[in-house]
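As the structure is a prediction and not an experimental result, all values here were calculated from the model.
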Amino acid sequence: MMNLGMEHGIAVLHVSGLLAKSDYAEVLPQLEHQIESQDKPRVMVVLDEFHGWTPSGLLEELRFDVRHREDLEKVAVVGEHALEEIGTKITRAFFSGEVRYFDKQRRAEAERWIQS
């Protein structure tokens with residue numbers, strides 16, 4: 001499941017469970033609107049009990065990453081597991097902007113970084 005909101009001018013994407021293509025169909029148009037209406041928006045991805053992707057969900061994720069590789073200034077990923085940190089490091093290759101991982105206990109630090 002994904003849910004997109006705005007906090008202090010930052011797009012905040014809450015992600016949980018196993019992501020399927022249908023999750024992206026609901027949220028990506030909203031996120032793409034943010035990209036179109038702002039010059040290089042900043043996005044915070046908050047992972048809570050994230051279990052990965054279905055094959056079609058992963059394909060949607062990769063399509064978005066490639067299509068918008070130069071459209072985001074900063075991406076902060078807040079998670080709970082070492083594998084999420086590794087995934088964030090791999091994701092850096094897809095974006096020209098800054099991408100950083102923060103453990104869940106360091107969310108306040110992630111918020112300061114994304115706003116700086």
Side-chain angles (χ1 to χ4, degrees):
M1 181 174 111
M2 290 195 289
N3 182 358
L4 182 66
M6 293 295 291
E7 295 178 20
H8 309 290
I10 305 295
V12 180
L13 185 60
H14 293 274
V15 179
S16 63
L18 184 67
L19 296 182
K21 184 176 182 175
S22 60
D23 295 307
Y24 287 89
E26 294 177 23
V27 172
L28 287 189
Q30 298 171 46
L31 188 53
E32 288 176 331
H33 175 72
Q34 288 296 321
I35 290 169
E36 291 170 9
S37 64
Q38 285 184 298
D39 183 34
K40 298 222 179 208
R42 298 169 183 199
V43 178
M44 180 180 300
V45 180
V46 180
L47 305 173
D48 187 28
E49 296 188 32
F50 176 59
H51 300 293
W53 300 267
T54 65
S56 62
L58 180 58
L59 185 57
E60 285 302 304
E61 174 70 29
L62 294 173
R63 284 181 182 154
F64 175 85
D65 291 352
V66 169
R67 188 169 55 245
H68 296 290
R69 68 176 291 120
E70 296 184 19
D71 296 336
L72 302 173
E73 181 179 354
K74 287 184 173 182
V75 177
V77 179
V78 178
E80 357 180 58
H81 303 289
L83 284 177
E84 295 167 351
E85 183 174 9
I86 293 168
T88 301
K89 289 177 181 177
I90 292 169
T91 300
R92 287 181 189 153
F94 288 99
F95 291 105
S96 63
E98 294 179 76
V99 179
R100 286 183 65 187
Y101 176 84
F102 297 85
D103 190 78
K104 194 174 188 176
Q105 288 80 19
R106 295 175 48 216
R107 180 171 175 165
E109 182 182 340
E111 290 170 353
R112 286 189 300 275
W113 176 78
I114 197 96
Q115 291 176 0
S116 67

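T88 places no side-chain N or O within donor-acceptor distance of the main-chain N or O of R100, the cut-off being under 3.5 Å. In this structure, the side chain of K21 does not engage the main chain of P55 through any donor-acceptor pair within 3.5 Å. Formation of a donor-acceptor pair under 3.5 Å by the R92 side chain with backbone atoms of V99 is found in this model. Without hydrogens or angle criteria, E26 side chain to M2 main chain gives no donor-acceptor distance under 3.5 Å.
Atoms CG and NE2, from L28 and H68 in turn, are 7.5 Å apart once rounded to the nearest 0.5 Å. For the atom pair OG (S116) and CZ (R112), the distance works out to 10.0 Å, reported to the nearest 0.5 Å. To the nearest 0.5 angstrom, T91 atom OG1 is 8.5 Å from L62 atom CG. Going from atom CE of M44 over to atom NZ of K74 covers 10.5 Å, rounded to the nearest 0.5 Å. Distance check, rounded to the nearest 0.5 Å: CZ of R42 to CD of E98 gives 8.5 Å. For the atom pair T54 OG1 and D23 CG, the distance stands at 8.0 Å (nearest 0.5 Å).
No single ILVMFWY cluster, assembled from side-chain heavy atoms under 4.5 Å apart, contains both V78 and V75. No chain of hydrophobic side-chain contacts below 4.5 Å, direct or via other Ile, Leu, Val, Met, Phe, Trp or Tyr residues, connects L72 to I10. W113 and V12 fall within the same hydrophobic cluster, where Ile, Leu, Val, Met, Phe, Trp and Tyr residues are linked whenever their side-chain heavy atoms come under 4.5 Å apart, directly or through other members. Note: the hydrophobic cluster containing F95 also contains L4 (ILVMFWY, side chain heavy atoms under 4.5 Å, direct or indirect links). Hydrophobic clustering (side-chain heavy atoms under 4.5 Å, transitive across Ile, Leu, Val, Met, Phe, Trp, Tyr) keeps M1 apart from L59.
Ring geometry for W53 against F50 counts as perpendicular: the plane angle is over 60°, on a 0 to 90° scale with 30° as the lower cut.
At a threshold of 4.5 Å between non-hydrogen side-chain atoms, the residues E80 and E49 count as touching. Counting heavy atoms from C-beta on, the side chains of E61 and Y24 come closer than 4.5 Å. In this structure the side chain of K40 reaches within 4.5 angstrom of the side chain of S96, judged on heavy atoms.
Within a 6.0 Å radius of NE2 in H81, more than 12 heavy atoms belonging to other residues, nucleotides or ligands are found. Atom NE2 of H8 has 12 or fewer heavy atoms from other residues, nucleotides or ligands within 6.0 Å.
Applying side chain to side chain contact (heavy atoms under 4.5 Å, CB included) to V77 and the options V46, L47, V15 leaves one that passes, L47.
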Working for side chain to side chain contact (heavy atoms under 4.5 Å, CB included), residues D48 and K104: CA-CA 9 Å; D48 187 28; K104 194 174 188 176; 3.1 Å; yes
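When all heavy atoms are compared, the tightest approach of N3 to V27 is N-CG2, 4.3 Å.
Look at R107 and E7 and you find a salt bridge, because one of the NZ, NE, NH1 or NH2 atoms lies within 4.0 Å of a carboxylate O, short of that distance. At a threshold of 4.0 Å, the pair E60-R63 counts as salt-bridged, since one of the basic side-chain nitrogens sits closer than that to a carboxylate oxygen.
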